[in-house]
Protein chains: 2
Amino acid sequence: MADVAGQLAGISLFSGLLPAQYEALSRIGVKRSFLKGERIFSEGDEGTGFYVVCGGRVKIFKISTEGKEQILHLCGPGESFGEVSVFTGQGFPADAVAALPSTVLFFPRVAFSSLIRQDPALALNMMAQLSERLRQFAGLIEDLSLKEVPGRLAKYLLYLGGREGNGTVDLDVSKGQLAALLGTIPETLSRILAKLNRRGLIRSRGAQIRILDRRGLEEIALEGKRLP
Amino acid sequence: MADVAGQLAGISLFSGLLPAQYEALSRIGVKRSFLKGERIFSEGDEGTGFYVVCGGRVKIFKISTEGKEQILHLCGPGESFGEVSVFTGQGFPADAVAALPSTVLFFPRVAFSSLIRQDPALALNMMAQLSERLRQFAGLIEDLSLKEVPGRLAKYLLYLGGREGNGTVDLDVSKGQLAALLGTIPETLSRILAKLNRRGLIRSRGAQIRILDRRGLEEIALEGKRLP
DNA sequence: CGGAAGATTGATCAGTTTCAAGCTCCGTGG
DNA sequence: CCACGGAGCTTGAAACTGATCAATCTTCCG
């Protein structure tokens, strides 16, 4: 299991632990693989443990009765998901599907819980992780309730673009998935991209988007409503 | 400080602790009072600790540049808020004001953090608390993104009504605040209440609402979109 | 090359917000 | 005690955003 222990080192949830703890973790962690599109768990499933992404990407989402999907989070390598069920005992609050071929580590609830009990550092890491997710969710709620789609899209593009000035970014998800991430549908996303193009704020071709007017995007991202 | 220690017993975050721990908590907790409408902290403020509500009610919310408000949570006695900043070190992610005259206990970050480090039970309680909040947020995101206002209102009314059949419930917030809780504005809420009245699903007069057709409300609450 | 999935575009529509006006309730002060 | 005044609530008309439906176009694999 040395190979598992090696991977644990890069996971923020497990940072700062002693070698003995990595050893313990690697004993209880189980590696699982999922094909692209394969379901990892469904909302309401009994939570028997939580997951850490080793490779690939896992989509956590809610889906309405009419089929519209809202992505809560896209988990990349090193990120964990399903922690909530470890502590509340209830079922998972959302669905999880592999957005890419993915490998994950599964940590059974009971075993992990007893590890946490013994190691304050691990507990603190877990609390930090939960807090960070809570902060992200608060931001998503704010966006959904207080901003319109152009604002959310602009914010996302700026996020992809990083701190630098104008430049080209690559969408790391399909446009359909980006729409679900932004809480809208592909048609609307397409229209708004077209509008941003027309206004000269961006130049998009396929998944490549060049940010032409960072300042302009920031304006749209900041204002809650109404395009000026 | 015996009076503080006594209050701690009723707080789920602190359930199952030893008397010595209550003693320790009561030493670091500071009681603070706020008038109705008084601000407890603002988004971005440095998080120097977290709070537990003793009496009254505290509103946690986000506000857009145009002034629209989205309530993230209404904290009643026994509930905690501002925990996120204890662990992430960043500023508070939202605003907090007293919705009623309120008294709270403030626990400074550093002191509390060291308590947690010493007591696995306290740490587990805290994780359960954070997880539960995360679950609530996931539900709110789902509602905002996948349901329309009638659905959210119906769900809220059913929640107030509890498990029982038809009956009369009392809104525990003003209609303006209820609108902010549901992610809409007072006008829209008013119209939808009127519509539910017309359809014979409820009978509302002021803050009193009698649920006439529970089944019908459930239908509206479940479907993501479009009234039938 | 064919075809299916994804992406774009157009027309229409439902739901929500905005703006504006009136109403109701309630506390205050004359 | 009543009248005033204001905050909160309700209602109406119009504007707007985003969703839906439908058709077309693109892409990119088999």
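Below, chains carry the letters A, B, ... as their sequence lines are ordered, and counting in each starts from 1. Only a predicted model underlies this, so the values are computations on that prediction, with no experimental measurement involved.
Taking side-chain N and O atoms only, B/Thr184 has a distance below 4.0 Å to OP1 or OP2 of C/dT17. Contact check, A/Lys175 against C/dT8: a side-chain N or O comes under 4.0 Å of OP1 or OP2. Phosphate proximity of D/dG8 to B/Ser174: absent, as no side-chain N or O sits under 4.0 Å from OP1 or OP2. Under 4.0 angstrom from either OP1 or OP2 of D/dT10 there lies at least one side-chain N or O belonging to B/Ser190.
Between the CZ atom of B/Arg198 and the C1' atom of D/dG12 there is a distance of 12 Å, given to the nearest Å. As a whole-Å value, the separation of A/Leu144 CG from D/dA19 P is 11 Å. Rounded to a whole Å, the CD1 atom of B/Ile209 is 12 Å from the P atom of D/dC9. Whole-Å rounding puts the A/Gln70 CD to D/dG18 P distance at 14 Å. Between the CD atom of B/Glu187 and the P atom of D/dG12 there is a distance of 14 Å, rounded to whole Å. Taking atom CG of B/Leu193 as the reference point, atom C1' of D/dC9 lies 11 Å away to the nearest angstrom. Straight-line distance from the CG atom of B/Asp143 to the P atom of C/dG15: 18 Å, rounded to whole Å. Spacing between atom CG of B/Leu146 and atom P of D/dA19 amounts to 11 Å, rounded to whole angstrom units.
The side chain of B/Ala194 lies closest to D/dT11, out of D/dT11, C/dT17, D/dA19. Among the nucleotides C/dT18, D/dT17, D/dA19, the one closest to any side-chain atom of A/Glu148 is D/dT17.
Axis angle, first five pairs versus last five pairs of the helix from C/dC1-D/dG30 to C/dG30-D/dC1: 30°, rounded to 10°.
Residues B/Thr88 and A/Arg135 have side chains that bring a donor and an acceptor to within less than 3.5 angstrom of each other.
When ring centroids are compared, B/Tyr51 and B/Phe107 stay outside the 6.0 Å threshold. Taking the six-membered ring for Trp, B/Phe112 and B/Phe50 have ring centres closer than 6.0 Å.
Take B/Arg210 and apply the salt bridge (Lys or Arg N to Asp or Glu O under 4.0 Å) test, not counting sequence neighbours, and it matches no residue. For B/Arg205, the salt bridge (Lys or Arg N to Asp or Glu O under 4.0 Å) criterion is met by no residue, not counting sequence neighbours. The side-chain contact (heavy atoms from CB on, under 4.5 Å) test applied to B/Ser190 returns no partner, not counting sequence neighbours.
Residues B/Ile211 and B/Leu217 have side chains in contact (heavy-atom distance under 4.5 Å, counting atoms from C-beta outward).
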So B/Val58 and B/Val97, side chain to side chain contact (heavy atoms under 4.5 Å, CB included) or not? Walk me through it.
-> CA-CA 6 Å; B/Val58 174; B/Val97 311; over 6 Å; no
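Judged as a side chain to side chain donor-acceptor pair (under 3.5 Å), the pairs with a partner in residues 72-82 of chain A (not counting sequence neighbours) are, in order, A/His73-A/Glu79, A/His73-A/Gln136, A/Ser80-A/Glu83, A/Ser80-A/Gln129.
If you check distances only, the side chain of B/Arg191 never reaches the base of C/dG15 with a donor-acceptor pair under 3.5 Å.
When all heavy atoms of A/Gly183 and A/Lys68 are compared, the closest pair comes out as O-NZ, 3.3 Å.
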At under 4.0 Å between heavy atoms, which parts of nucleotides 25-30 of chain D does protein reach? Answer with one letter per nucleotide, 5' to 3': B base, S sugar-phosphate only, - none.
-> ------
